[in-house]
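Just so it is clear: chains get the letters A, B, ... in the order the sequence lines come, proteins before strands, and each one is counted from 1.
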2 protein chains.
Amino acid sequence: MFVSTYESAIDAKGRVSIPAPFRAALGGGTRIFLWQALDGSGCLEGGGDALMAMYRATLTRLAPQSEVRKALVNRIIAGSADLKMDETGRIKLPENLCKAAELTDRIKFAGNMDSFQIWNPEKHAAFNAAMEAAAAAPETLEAFGRAYSEVLHQQGVGNYMGPKLVEGGEG
Amino acid sequence: MFVSTYESAIDAKGRVSIPAPFRAALGGGTRIFLWQALDGSGCLEGGGDALMAMYRATLTRLAPQSEVRKALVNRIIAGSADLKMDETGRIKLPENLCKAAELTDRIKFAGNMDSFQIWNPEKHAAFNAAMEAAAAAPETLEAFGRAYSEVLHQQGVGNYMGPKLVEGGEG
DNA sequence: ACTCAACCCATTGAGGCCCATGCGCACCCA
DNA sequence: TGGGTGCGCATGGGCCTCAATGGGTTGAGT
């Protein structure tokens, strides 16, 4: 799972080092997919083979000629850059994606569970501020608490024995 | 799987280089099929032996004398150009398909999972813009999220263990 | 004989691969 | 607990390979 946030620099050749913990989350794979976040937040989203395979399975579940599927395939499949890490864990960011996400010299890698995000640092700070406020809202806290309880019950019906789920495959 | 988008040029002899990652997705085969997209989007659609075999199997499942089957056979089977890549990975685009898709000097190859598309660059830009708007719509994002959850549950019922699927065959 | 197309060779430019370096963090030992 | 040392990670740079494109030649068909 992709957890935590790291900062990295774009070098003169347009390369960035993937943070080592994220490389570990990729499970040794060297293929990286990058695309623009669907929600218009202006960041990039990325993942490895496993995530793309999941997305393929997901997209295949949608009605073949539906607008929804065509839009998602366009954004995620056609819109992805298909990159390969070098020996030192770096990728070359494509021009168009850098421009779209306003990435210049320094960037932020933010964990997003199955995927990670790449942010312009200023936009990321603004996003953080907004999310901090949203997270503190009572309905957010309540929704979280309720969902957590459901997971607990699903695991050991009523008998809470501490967290049990473990990290499985890779990302 | 055909992922990402690449630009290529038509040379004086009417040839275009298939992007190297797409050649890899073809699994070493040198036979390429090209036809006009069924949905009227004005692009061409293409694939290799494996895709055509899939289509053959698909069409065979349809009632033999049905209008549906006849229409699809006409468009996909009769309507396809059967091309062969040269040693450097180029194909010669047939006149009629170039005219139908308004392909002149530069073209776009867009990944479409099991197949790829060939676009006039301007039309592709317009299509992208429309798809970007459609993808950002709340109902699209929700449909995607729901389908993704289903895939997750299908894998490890409720117990999230991280992405697990792996890339299978070719396109 | 002429035309068209397929096959082959050449060039160049970008991208991938590899080596080198320096810094910071963590661990170890005193 | 503090200082020293070593390894891992981030970064810079050079080289070499491969992909994209242009052009030429040969063979077959008309």
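Summarising the geometry, the separation between CD on B/E87 and C1' on C/dA10 is reported as 16 Å, rounded to the nearest angstrom.
Without hydrogens or angle criteria, A/N120 side chain to A/K123 main chain gives a donor-acceptor distance under 3.5 Å. A distance-only check finds no donor-acceptor pair linking the side chain of A/R15 to the backbone of A/I91 [under 3.5 Å]. Between the B/T140 side chain and the B/A134 main chain, a donor and an acceptor come within less than 3.5 Å of each other. Judged by distance alone, with hydrogens and angles left aside, the side-chain atoms of A/S8 form no donor-acceptor pair with the main-chain N or O of A/I107 at under 3.5 Å.
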Identify each atom pair where a protein N or O and an N or O of nucleotides 13-15 of chain C are less than 3.5 Å apart, giving names and distance.
none

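Between A/L44 and A/Q117, every side-chain heavy-atom pair lies at or beyond the 4.5 Å cut-off. When side chains are defined from C-beta on, B/I76 counts as touching B/L38, because their heavy atoms get closer than 4.5 Å.
Listed by chain and number, the residues in a side-chain contact (heavy atoms from CB on, under 4.5 Å) with B/A37 are B/D39, B/S41, B/C43, B/E45 (sequence neighbours excluded). Listed by chain and number, the residues in a salt bridge (Lys or Arg N to Asp or Glu O under 4.0 Å) with A/R23 amount to none (sequence neighbours excluded). Contacts of B/R31 classified as side chain to side chain donor-acceptor pair (under 3.5 Å), with partners at least two apart in sequence or in another chain: B/D82.
Counting any heavy atom pair closer than 4.0 Å across all strands shown, B/K84 reaches no nucleic acid atom.
The bend of the helix from C/dA1-D/dT30 to C/dA30-D/dT1, defined by the angle between the axes of its first five and last five pairs, stands at 30° to the nearest 10°.
Ion pairing between A/R146 and A/E150 fails under the 4.0 Å rule for side-chain N and carboxylate O.
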| remark: The contact string for nucleotides 5-20 of chain D, one letter per nucleotide 5' to 3', using protein heavy atoms under 4.0 Å with B, S and - for base, sugar-phosphate only and none, comes out as ----SSBBBB----SS

